[in-house]
Amino acid sequence: MMWPEYITVAALISIGLYGVMAKKNLMKIFIALSLMETGVNLLLITIGYIPGGTAPIENGNFAKYVDPLPQALVLTAIVIGLSVTALALTLLIWYHSKTGTLEYRRGMRW
Amino acid sequence: MNVDWLLTHSPALLIAIPLLAAFLTPVIDRINKKARDAFVIIVLIIAEIIMIALAWDVFTGSAHIYTMGASNPTATIPSQAAVPIRIVLEVDGMGAFMGLISTTVSLAAGFYSLAFVKKETGQGRYYTLLLLMLVGMLGMEFTGDIFNLFVFLEVLSMASAALIAYRFYYGDAVEGAFKYCVVSSLGALMVLFAIGLLYGQYDLLNMAALAKVIEYTTLDKIALVLLIAAFAMKCGAVPMHMWTPDSYTVAPAPITAMLVAASQASLYALFRICFSLYGLTLDVTTVGIIIIALGLLSMFVGVTMALPQKDIKRLMSYHAVSQTGYMLLGVGVGLYLLGKSDFDTYGMAAMEGGIFHIINHALYKGLLFLTAGAIFYKVKTRNLNEMGGLAHSMKFTTIFFMIGALAIAGIPPFNGFASKLLIYESAYHVSPILSIIAMLVSIITLASFVKVFHSAFMGPPMENAEAGEVPKSMIIGMAILTVGIILFGLFPGWVVSNIVHPAAQALAAQAGYIGSVAGGA
């Protein structure tokens, strides 16, 4: 088993979840979300990884290779994450210019 | 190009046409604004027509399978492989049913938008995102691949979040959009996490192939919890409903109507995961009770939160939460009884009620949000205390509002009554308390809409409001949904047996779903 990887995944996702729920600063909420995303992506990569495996490119010594599909999935997830980042930052810029702060002043209206 | 060819390729075309059109829209916008409006409406009408043809074929025949990138669209499993490795679109009764909702609401929202956003800037981008929302919804409803589901979920979320913030000059629009953005990204990450857990165990992404081998291990349970939590959050069920009022309220009215359909796409994903992916392998009693509990909480908390609201769209948003509860209750009762001997007697009726309520809700709640937008368009406020006497000048809007309000309260000639009656009758067999709460919620709903009707439409005419009715295109948008409400209300028997029953059947019969893609159930 590859415990260090899974522990890192668990740590990243937990820290991210804590940040999203507990922080009041919108920028910090968003950073926590990005942390979580990294954690989930790392999980997918870890699932497909074999210690000592090569890249899945056909050549002479094509005996042991890592699963290419999770890498394709993570690539897609990273691109999606980038669009989320772009949109969220745009929204934060507007929020800052409207309210002059990145904190929730009157608390979240749940 | 003949009809058969069109029908075979329609699942892919329905996603491809709006997707390509979405990115053509800004180009046409550069050339001519009127041409852009016409182009968007034509694309929405084409999508609606193809969807109706496809749905008709699915309801009268069998599910449509479309394998992306294969030489033969129905060959789901390539000859060199044992499992489906390509992205497979699977349009069964339930998918076609949801697709009809999405295209119809989009068409109404498209017409309505023509006048509603006329004075705004950046309309080219507005219509691009509107078409992308349609793509996201249809993609979620058609796909048979769980990672593809995640991708379309994100397409839908991003387009929705950007559109909620469309009127960014209102400070709270940006706030609502950011909240929606965070909530939906969080939900999507949970879905991706669950996909990772499932893929790690079974090396499969195709839902039908997964359903064939799934074993309900501890990891599967964790994945199920993540998926249910994420999709329940995205459809606004109560413990996770906090984003709904904020983002529904601030979005432009046609987008709010689209958001209702978008929430229902998530609801569809929730049902698809429970019924088709896990099916009888999961503990149907426990999961059924959890979904029923979510439904009851949503119904009751939603409607009680709606009562004291003074903002007309915020009030309606809480009602949207409350109505989602009915769908969860109906289908939850179905899930609770799945595989038990009572399923055929009233479990099926409960599922039909819950599924019928999805389309009814999309129609009347969409209509109510559009009338709220019409009021905002004229009086420039959403505060109920500052409006009154609108019935004097806005006759069509008044009639549309009355129809929508009576439908949501479940008054007989309209469609809400038919689906609610199905739910009351069947939930009563499980426990009378479920039906009692459902009826109580219905009564409070009526009370709440009587209040809105009285404060917005009755009384002396307002002095400072623009006189007259809203522009024609907005009336067309509302009329499309009203015609649906009246037709579904007058002929509920035909609708249930020809549209709703195939959808419920497709959801309940897991073997059919697996067999059509992965072969040999």
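Letters go in sequence order (proteins before strands), and every chain restarts at 1.
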Rounded to the nearest 0.5 angstrom, the OG1-CD distance for T76(A) and E154(B) is 11.5 Å

Min side-chain heavy-atom separation Y199(B)-D67(A) under 4.5 Å:
yes

Using a cut-off of under 4.5 Å on heavy-atom pairs, state which of A165(B), S185(B), S184(B) scores highest against chain A.
S185(B)

For L192(B) and M36(A): C-alpha separation, side-chain torsions, deciding distance, then whether side-chain contact (heavy atoms from CB on, under 4.5 Å) applies.
CA-CA 11 Å; L192(B) 189 60; M36(A) 249 185 105; over 6 Å; no

On a heavy-atom basis, which atom in L44(A) and which in G196(B) lie closest, and how many Å separate them?
CD2-CA, 3.5 Å

Chain B contact via I80(A) - which portion, at a heavy-atom distance below 4.5 Å
side chain

Write down the atom of A161(B), the atom of L87(A), and the distance for their closest heavy-atom approach.
CB-CD2, 3.6 Å

Would you mind telling me which of T90(A), V20(A), L33(A) has the largest number of heavy-atom pairs within less than 4.5 Å of chain B?
L33(A)

Determine, stepwise, if the pair V174(B) / L92(A) fulfils side-chain contact (heavy atoms from CB on, under 4.5 Å).
CA-CA 8 Å; V174(B) 180; L92(A) 285 182; over 6 Å; no

Could you walk me through whether L205(B) and L73(A) pass the side-chain contact (heavy atoms from CB on, under 4.5 Å) test, one step at a time?
CA-CA 11 Å; L205(B) 287 173; L73(A) 302 187; 3.9 Å; yes

Y202(B), OH: over 12 other non-hydrogen atoms inside 6.0 angstrom:
yes

Part of V155(B) within contact of chain A (heavy atom distance under 4.5 Å)
neither

Roughly how far, to the nearest 0.5 Å, is the CG atom of L189(B) from the CD1 atom of I13(A)?
8.5 Å

Rounded to the nearest 0.5 Å, what separates atom CD in Q201(B) from atom CD1 in I47(A)?
9.0 Å

For side-chain contact (heavy atoms from CB on, under 4.5 Å), just list the numbers for Y169(B) and K98(A), CA-CA rounded to whole Å, side-chain angles, deciding distance to a tenth of an Å, and then say yes or no.
CA-CA 8 Å; Y169(B) 40 85; K98(A) 288 284 157 200; 4.2 Å; yes

Under 4.5 Å from any heavy atom of chain B, what part of V84(A) do you find: side chain, backbone, both or neither?
both

Given heavy-atom pairs under 4.5 angstrom as the criterion, report whether the side chain, backbone, both or neither of F147(B) touches chain A.
side chain

Check: F178(B) and W94(A) side chains under 4.5 Å, non-hydrogen atoms
no

Kindly determine whether Y95(A) and D172(B) satisfy side-chain hydrogen bond (donor to acceptor under 3.5 Å, both in side chains), including the steps that lead there.
CA-CA 9 Å; Y95(A) 187 82; D172(B) 50 356; over 6 Å; no

If you tally heavy-atom pairs under 4.5 Å against chain A, which of L186(B), L197(B), T244(B), I195(B) wins?
L186(B)

Atom group of I85(B) that falls short of 4.5 Å from chain A, counting heavy atoms
neither

Chain B heavy atoms under 4.5 Å from L43(A): which part of the residue, side chain, backbone, both or neither?
side chain

Are more than 12 heavy atoms from other residues, nucleotides or ligands located less than 6.0 Å from atom CZ of R167(B)?
yes

